[in-house]
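Contents: one structure, followed by commentary.
Quick caveat: nothing in here was measured; it's all calculated off a predicted structure.
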Amino acid sequence: MLEKRFEELYNRAYERGYNTFSPFLTLPEQSELKKMYLPCVLFGGYDGAQRVVAGFGETVGNDDFPIACVKIEPLNEKFADELTHRDFLGSLMNLGIKRETVGDIIVDGKCGYVICLENIADYICENLTRVRHTSVEAKRSLIPENTAEKFEVLTVFATSKRLDVIIGAVYNFSRSESSKLIASERVFINSVLTLSASKTVSDNDIITVRGYGRFILSGEVKTTKKGRLVLEIKKYC
């Protein structure tokens, strides 16, 4: 069904000559799309977004995507709860909004910035008045400039660049624990689902371990006298 939907969007764009767009895609959905090798542009409102929209068409650019941003802020910050990503998402779902219409949610202090499809933005602004016990105001906004990803730079030791070895080194797992995560379809390389624990990770690959986070293999720093690799990792904060 997912492949058929992507094919329909692709065919509509190139047969009828106008751009078409998917809803926001999860990592597994992005993985399926990339395996189909259909020409498209993926964009989630800002560079590094985890949930993205696929745009099909010969002239698709980032400015063409039907994506908006809604800022949700407390009416009285002094008495506001400490709101989390889950709090903002839960309030949106309580409005009957479909998850596929909402992209990333950026939490900045007690405010939340919701990346969403254009056709749902006004509905959120008109109907969202409360997050947990906090009265809020929702209004259209520009995506904040501080969405740039923040990294913690780590140096880890590994016997090789095998996927299970590197995941174990980054998260302090055993090889068997890493292999179980991979087998349970929770590991993605550059948004593509990966089921091979022995796969070699390349420099600048983005590894996502669902439930634990993301990191980038920056490269090899050196090899120790005992033949172990010293690797630089950029771990998303």
Side-chain angles (χ1 to χ4, degrees), residues 1-11 13 20-56 60 65 67 85-86 89 98-105 115 117 149 151-152 154 156 158-219 229 231-237:
M1 291 294 293
L2 186 61
E3 290 181 359
K4 184 178 180 180
R5 183 171 64 172
F6 289 143
E7 288 175 350
E8 287 175 349
L9 289 170
Y10 171 80
N11 291 334
T20 60
F21 301 91
S22 73
F24 282 97
L25 304 176
T26 64
L27 268 176
E29 290 170 337
Q30 294 173 46
S31 178
E32 288 301 314
L33 175 57
K34 288 187 175 183
K35 290 176 182 177
M36 295 176 69
Y37 297 102
L38 294 176
C40 64
V41 177
L42 299 178
F43 185 58
Y46 66 98
D47 292 339
Q50 294 193 53
R51 294 175 65 86
V52 298
V53 171
F56 300 88
V60 176
F65 280 74
I67 292 176
H85 181 282
R86 179 177 294 182
L89 180 60
K98 293 182 179 180
R99 185 65 178 97
E100 65 185 15
T101 65
V102 177
D104 288 0
I105 299 174
I115 314 300
L117 294 182
E149 296 286 359
F151 301 99
E152 176 187 3
L154 307 174
V156 301
T159 55
S160 71
K161 289 186 177 180
R162 279 176 54 121
L163 181 59
D164 56 352
V165 172
I166 292 181
I167 290 175
V170 172
Y171 295 109
N172 197 26
F173 295 151
S174 66
R175 286 268 296 274
S176 62
E177 289 174 325
S178 299
S179 296
K180 287 179 181 178
L181 286 170
I182 295 167
S184 62
E185 301 186 354
R186 294 175 65 180
V187 177
F188 298 78
I189 298 179
N190 301 322
S191 301
V192 177
L193 178 65
T194 304
L195 296 175
S196 173
S198 62
K199 182 176 179 62
T200 299
V201 179
S202 301
D203 291 354
N204 299 315
D205 276 349
I206 301 175
I207 313 301
T208 303
V209 184
R210 294 179 70 183
Y212 293 93
R214 295 189 295 166
F215 65 88
I216 299 173
L217 172 61
S218 297
L229 303 178
L231 304 175
E232 182 179 279
I233 300 292
K234 290 182 179 179
K235 189 177 179 183
Y236 287 81
C237 298

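Within the 4.5 Å cutoff, side-chain heavy atoms of I216 are placed close to those of F151. You'll find the side chain of D164 stays beyond 4.5 Å of the side chain of F173, heavy atoms only. Considering only heavy atoms from C-beta on, E7 comes within 4.5 Å of M36 through its side chain. Between V53 and L117 there is a side-chain heavy-atom pair separated by less than 4.5 Å. Put simply, the side chain of R210 does not reach to within 4.5 Å of the side chain of S184, judged on heavy atoms. The shortest side-chain heavy-atom distance between R5 and E29 falls under the 4.5 Å cut-off.
Shown here for F65 and V41, the closest heavy-atom pair between the two residues is CZ-O, 3.4 Å. Heavy atoms only, all atoms of each residue included: L195 and A183 are closest at CD2-O, 4.4 Å. What you find for Q50 and D104 is that their closest heavy atoms are N-OD2, 2.9 Å. Of all the heavy atoms in V165 and A158, the pair that sits closest is CG1-CB, 3.7 Å.
A donor-acceptor pair is defined here as one N or O able to donate and one able to accept, closer than 3.5 Å; such a pair exists between the side chain of S22 and the backbone of A54. At least one donor-acceptor pair under 3.5 Å links the side chain of S178 to the backbone N or O of G168. Under the 3.5 Å distance criterion, the side-chain polar atoms of R51 are matched with a main-chain donor or acceptor of V102.
In this structure, R186 places its CZ atom where more than 12 heavy-atom neighbours from other residues, nucleotides or ligands lie under 6.0 Å away. For R86, the CZ atom sits in a loose shell: 12 or fewer heavy atoms of surrounding residues, nucleotides or ligands are nearer than 6.0 Å. Heavy-atom neighbours of K35 NZ from other residues, nucleotides or ligands within 6.0 Å: above the threshold of 12.
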Residues D203, K161; criterion side chain to side chain contact (heavy atoms under 4.5 Å, CB included); working and verdict: CA-CA 10 Å; D203 291 354; K161 289 186 177 180; 3.1 Å; yes
Audit row: I67, F24, side chain to side chain contact (heavy atoms under 4.5 Å, CB included) steps and yes/no: CA-CA 10 Å; I67 292 176; F24 282 97; 4.2 Å; yes
Side chain to side chain contact (heavy atoms under 4.5 Å, CB included) between I207 and L217, worked out: CA-CA 8 Å; I207 313 301; L217 172 61; 5.7 Å; no
L229 vs T159, side chain to side chain contact (heavy atoms under 4.5 Å, CB included): CA-CA, chis, key distance, verdict: CA-CA 6 Å; L229 303 178; T159 55; over 6 Å; no
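Listed by first then second residue, pairs satisfying side-chain hydrogen bond (donor to acceptor under 3.5 Å, both in side chains) with a partner in residues 188-199 read Q30-S191, N190-D205, S196-S198, not counting sequence neighbours.
Ring geometry for Y10 versus F56: interplanar angle over 60°, hence perpendicular rather than tilted (30 to 60°). Aromatic ring orientation, F215 versus Y171: perpendicular (interplanar angle above 60°, classes split at 30° and 60°).
Rounded to the nearest 0.5 Å, atoms CD (E3) and CG (L38) are 9.0 Å apart. Once rounded to the nearest 0.5 Å, the distance linking CD1 of I167 with OG of S179 reads 8.5 Å. Here the CG-CG distance, from L33 to L2, works out to 8.0 Å after rounding to the nearest 0.5 Å. In this structure, NZ in K234 is found 10.5 Å from CD1 in I206, a value given to the nearest 0.5 Å. Between atom CG of residue L89 and atom CZ of residue R99 there is a gap of 4.5 Å, rounded to the nearest 0.5 Å. Here the CD1-CZ distance, from I182 to R175, works out to 9.5 Å after rounding to the nearest 0.5 Å.
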